[in-house]
Amino acid sequence: MKGHECPTAEGEGKSPSLDETPDMDVASTAMQEIELPTTRHNSPLENASPGSSLCFVPGESCRLTSKEFFSSSDLGTTVDDDVNGDYLDSIIPEEKPAHPDELLQRIYTILIAGTGFLADSYDLFVINIVLLMMRQNESYGPLTPDVQTHVSFMAIVGAMAGQLGFGFLGDQYGRRRMFLLTAALTIVGNVLQATAQPRQSMGIYQQMMLYRFIMGMGVGGEYPAAGTITSENSTAWQRGRNLAAVFSMQGVGRLLCALVLLISAFTIENTDLQWRVAIIVGALPMMAAIFFRWLPETDAFRHHVEARYPNMRLRFKNIWRTVWENRRALAGTAGSWFILDMLFYGNSLFSADVTETMGFGSGIRGRTVQNLIIQSMAMPGYILAVIFIDRIGKKRLQLIGFFGEGLIFGFMAAYQSPLKQAPVVFLLMYALTFLFDNFGANTATFVIPAVIYPTEARSTCHGISAAAGKAGAVVGASAFLRLVSMYCPNHICSENVDPALIDKGIRTVFYWCAVLSLVGFLWTCIFVHDRSHKSLDCKAPLTAPVGSPEYEMA
């Protein structure tokens with residue numbers, strides 16, 4: 001897909017203006033009179049198509065002021081602004097069906113980037129039931145609650161390290177290298193887990209901690225790598241939908257994970273082989289995808305980073321200067337992602353309470369059936385997000401998600417006892433929390449950081465935002481576990497404890513989830529915007545901003 005080139009300061013590659021375009025009809029002439037607040041379209045509208053990369057630039061060229069270049073705020077309106085629809089009909093012709101080659105390229109990009117998210121979500125969610133399978137083998141040694149928690153959390157710690165580290169490295173050395181490296185780490189971590197053996201020098205559970213940290217680094221690195229590559233390889237018409245489609249593969253991964261665990265539990269009798277099969281299957285999608293990840297570097301990175309900052313030391317300084325210039329926007333994306341993951345992990349705490357009402361039992365096979373049902377509930381939200389994200393707007397989608405979850409959690413807290421007596425209604429309400437989570441903040445918190453930041457620090461800012469989310473997951477899981485058991489004797493809810501005490505703790509979690517949803521809604525209103533940064537659609541190299549050190553050196 002070849003997009004329109006942005007005009008340079010000397011006018012090279014400049015497209016004809018609207019006044020110079022012959023034989024324009026009345027409707028096209030009327031379009032000339034439309035003026036946006038701060039942007040100007042330098043390409044004839046009659047040549048525009050959904051498959052082209054349009055460039056929205058201030059004034060006559062791709063030169064941006066220092067404030068415009070480094071800051072993601074006050075950048076004017078673009079086609080995927082948070083006010084989707086207000087200007088869209090005025091400046092963009094009716095969307096035409098994509099050319100078959102363009103459609104194939106779009107599907108290819110989504111699958112290559114999305115396969116990483118499929119594998120990542122699989123790897124993160126497989127461990128809970130895998131540990132139950134491992135517990136059946138006495139030769140592995142005792143699996144205490146503390147060890148179980150540490151094994152599960154090491155992947156999250158590794159993911160935070162990967163998000164921060166590979167986010168920065170993606171801006172320093174390029175997206176494609178990190179895209180390959182994160183895939184390799186994920187594969188290596190999975191293979192090592194599946195082949196771990198009990199040893200005297202290092203127990204199998206200690207090995208799992210180490211290997212899941214390695215895998216977690218690859219999983220975490222996928223967030224900024226896949227987000228920036230998908231964003232920078234998409235046109236303005238397709239960007240939000242493409243990013244949502246890539247992120248929706250997370251739901252496919254969870255569903256595949258639940259299905260593989262169920263098959264392993266019901267068909268493999270060898271308890272030593274059972275969990276190994278479940279883990280190694282998670283590496284297969286990434287193994288297939290890594291051979292197709294030898295992609296060229298994105299145009300945005302080549303034009304705005306490599307061409308402008310060949311000196312690595314200056315590139316390093318510029319990344320952190322750009323991060324500082326975008327600190328308010330970063331507070332919005334990182335803070336909302338932190339709140340979201342606190343909610344998500346709080347929500348996951350009472351999944352067993354819901355599925356117990358279905359009567360599938362508490363053994364490994366019963367848990368796999370419950371897990372498959374729960375993950376199936378999540379898919380409609382992902383699908384709806386892909387369909388409607390560009391129509392509703394990314395910020396509005398995030399607001400809808402937080403608001404919907406707040407209402408549902410508040411209702412479940414107020415009417416918990418009657419709901420437990422009506423399992424079907426209880427299950428429906430629980431499914432709606434997943435709907436508003438995925439058709440809302442879970443998708444939007446991934447998409448927004450991939451579009452609003454300058455190219456120079458897009459990967460870094462996305463990684464910081466994602467790492468804040470994982471920090472929220474750790475805080476949420478720890479805090480809500482204490483809330484659930486706060487009414488039990490010695491804060492331990494065993495099987496002999498009065499169920500009313502456990503229900504009281506769960507009701508407290510519901511109330512706190514409702515409060516967090518309200519906080520997330522207000523935080524989004526105040527700090528979050530979803531205006532795409534101009535450097536995403538500007539293909540020509542930008543000159544260094546006037547007054548910057550790079551400008552003085554030029």
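Computed from heavy atoms alone, side chains included, the values below leave out hydrogens, waters and symmetry copies.
Open room surrounds CZ on Phe292; 12 or fewer heavy atoms of other groups in view lie less than 6.0 Å from it. With a 6.0 Å radius and a threshold of 12 heavy atoms from other residues, nucleotides or ligands, Arg177 has its CZ atom at or below the threshold.
Applying the ring-ring contact (aromatic ring centres under 6.0 Å, His included) rule to Phe439 yields no partners; only residues at least two apart in sequence or on another chain are considered. In this structure, the side-chain hydrogen bond (donor to acceptor under 3.5 Å, both in side chains) partners of Arg199, at least two apart in sequence or on a different chain, are Gln207. For Arg212, there are no salt bridge (Lys or Arg N to Asp or Glu O under 4.0 Å) partners at least two apart in sequence or on another chain. Phe446 pairs by the ring-ring contact (aromatic ring centres under 6.0 Å, His included) definition with Phe117, Phe247, His462, not counting sequence neighbours. In this view, Val188 and Leu192 satisfy the side chain to side chain contact (heavy atoms under 4.5 Å, CB included) rule, not counting sequence neighbours. Phe168 is linked by a ring-ring contact (aromatic ring centres under 6.0 Å, His included) to Phe316, Trp320, counting only residues two or more places apart in sequence or in another chain.
A cation-pi contact links Arg327 to Trp324, judged by a cut-off of 6.0 Å to the six-membered ring centre and 45° from its axis.
Side-chain contact check for Asn318 and Arg321: at least one donor-acceptor pair (N or O, by modelled atom type) lies under 3.5 Å.
Residue pairs that meet the salt bridge (charged side-chain N to carboxylate O under 4.0 Å, His left out) test with at least one member in residues 246-269, sequence neighbours left out, are Glu269-Arg365. Under the side chain to side chain donor-acceptor pair (under 3.5 Å) criterion, the residue pairs touching residues 148-172 are Arg135-Gln148, Asp171-Arg175, Asp171-Thr460, with sequence neighbours excluded. Applying the side chain to side chain donor-acceptor pair (under 3.5 Å) test to every pair with at least one member in residues 111-126, sequence neighbours left out, gives these pairs: Asp123-Asn190. Pairs passing the salt bridge (charged side-chain N to carboxylate O under 4.0 Å, His left out) check and including a residue from residues 186-196, sequence neighbours excluded, do not occur. Sequence neighbours left out, the pairs with a member in residues 217-226 that pass salt bridge (charged side-chain N to carboxylate O under 4.0 Å, His left out) are Glu222-Arg293.
Here Thr524 contributes atom OG1 and Phe402 contributes atom CZ; the two are 5.0 Å apart, rounded to the nearest 0.5 Å.
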Could you go through residues 125-132 and list every donor-acceptor pair under 3.5 Å that involves a side-chain atom there, pairing it with any protein atom two or more places apart or in another chain?
none

